[in-house]
Number of protein chains: 2
Amino acid sequence: MSKKNIPRPTESELEILQVLWQHGPSTVRLVNDELSKRRDVGYTTTLKLLQLMHEKGIVARDDSSRTHVYRPALREQETQGQLIDRLLEAAFGGSALKLVQQALGNRHTTREELDQIRDLLDNIDPQAKPSATDTPDELA
Amino acid sequence: MSKKNIPRPTESELEILQVLWQHGPSTVRLVNDELSKRRDVGYTTTLKLLQLMHEKGIVARDDSSRTHVYRPALREQETQGQLIDRLLEAAFGGSALKLVQQALGNRHTTREELDQIRDLLDNIDPQAKPSATDTPDELA
DNA sequence: GGTGGCTAACGAAATATTTCGTAGCAAAAA
DNA sequence: TTTTTGCTACGAAATATTTCGTTAGCCACC
């Protein structure tokens with residue numbers, strides 16, 4: 001029993017998850033206020049969504065007091081990872097390279113961010129030299 | 001009139017688009033055969049999907065002969081770019097950096113791919129040295 | 001010139017997603 | 001205590017997505 005029921009948040013659900021990830025445990029009111037900053041959405045719509053997410057196990061809730069408090073039941077990184085996997089399969093034929101190229105290519109990215117990615121690359125593969133000769137794969 | 005009706009392919013539609021991008025103009029039969037390699041899907045299901053995609057303008061078709069031939073009406077790169085934008089907004093709060101970190105971090109990527117990404121980075125920002133001092137932004 | 005094999009066109013069901021209105025209850029305010 | 005306010009639960013509509021069955025036409029072949 002490693003990974004079975006992988007919840008697949010919908011777009012609306014992700015919107016809410018982001019609020020919860022960012023603000024921590026929140027009431028319906030708070031979540032709705034946040035969503036309302038971006039678009040027009042009714043209170044009961046947000047409530048219903050949170051209730052459905054609760055049923056699906058996407059969020060947990062504390063209903064000990066009259067005003068319930070919801071919190072994410074999915075970890076941000078893990079969820080993001082799954083979403084990338086989905087997109088990778090759905091649109092990039094599984095090639096992470098293409099995805100990254102696309103993400104960096106057609107987009108305005110600051111030099112600072114580019115540097116951070118370079119650091120990341122170096123951490124993933126400390127052997128490889130940035131741009132010049134490759135280290136031989138086999139050790140004699 | 002720059003960008004208005006941006007078609008948003010569903011997951012099934014993307015599956016089909018990938019086949020078309022990969023194989024070029026194709027008959028329903030061919031598309032369905034490809035899809036069938038991966039999962040169980042009826043011929044008329046694929047047909048219907050292609051017809052709907054045609055209505056939506058996601059694919060174009062040549063129906064001059066009895067057996068229609070479909071081809072993508074969306075460019076692969078452009079579509080992939082939009083999908084990344086979507087995901088960026090939906091799950092990463094707009095941070096391309098986080099997305100790339102996630103894409104590269106929790107995944108098995110070959111050294112070759114990592115090197116290609118390094119090249120990409122150098123191309124995007126030819127000024128920056130891989131890790132050392134930054135070039136001053138302003139010219140005196 | 002009838003039959004079998006393909007193909008497109010519909011119509012429709014099953015499911016998933018999004019959005020609210022209404023009702024009932026509890027707590028706070030008047 | 002009455003009124004007002006705020007919250008949850010529930011039901012249901014509107015829409016979008018996925019999946020097929022059925023029907024009818026075309027073509028090649030026997």
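Values reported hereafter were calculated over all heavy atoms of this structure, with side chains retained and with hydrogens, waters and symmetry mates removed.
Put simply, CG on Leu50(A) is 14 Å from C1' on dT18(C), counting in whole angstrom units. To the nearest angstrom, C1' of dT19(D) lies 16 Å from CE of Met53(B). As rounded to whole Å, 9 Å separates atom C1' of dT19(C) from atom CG of Leu49(A).
The two residues Ala90(B) and Leu14(A) have their closest heavy-atom pair at O-CB, 3.6 Å. The two residues Ala91(A) and Trp21(B) come nearest to each other via the heavy atoms O-CZ3, 4.4 Å.
For the pair Thr45(B) and dT18(D), the criterion of a side-chain N or O lying under 4.0 Å from OP1 or OP2 is not met.
With respect to the salt-bridge test (charged N to carboxylate O, under 4.0 angstrom), the residues Arg8(A) and Glu13(A) do not qualify. Ion pairing of Arg38(A) with Glu15(A) is absent here, as no side-chain N (NZ or NE/NH1/NH2) approaches a carboxylate O to less than 4.0 Å. Of the charged side-chain nitrogens involved, none lies within less than 4.0 Å of a carboxylate oxygen, so that Lys98(A) and Glu113(B) do not count as a salt-bridged pair.
Checking side-chain atoms of His23(B) against main-chain N and O of Val19(B) turns up a donor-acceptor pair under 3.5 Å. Between the side chain of Thr45(A) and the backbone N or O of Tyr43(A), no donor-acceptor pair lies under 3.5 Å.
Counting heavy atoms from C-beta outward, Thr79(B) and Pro9(B) have side chains that approach closer than 4.5 Å.
Across all strands shown, Leu52(A) has heavy atoms under 4.0 Å from base atoms, whether or not it also approaches the sugar-phosphate.
Listed by residue number, the members of residues 80-94 of chain A with any heavy atom below 4.0 angstrom from DNA chain C form an empty set.
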(request) Go along nucleotides 7-17 of chain C 5' to 3' and tag each nucleotide: B for a protein heavy atom under 4.0 Å from its base, S when only backbone or sugar atoms are that close, - otherwise. (result) BBBBBB----S

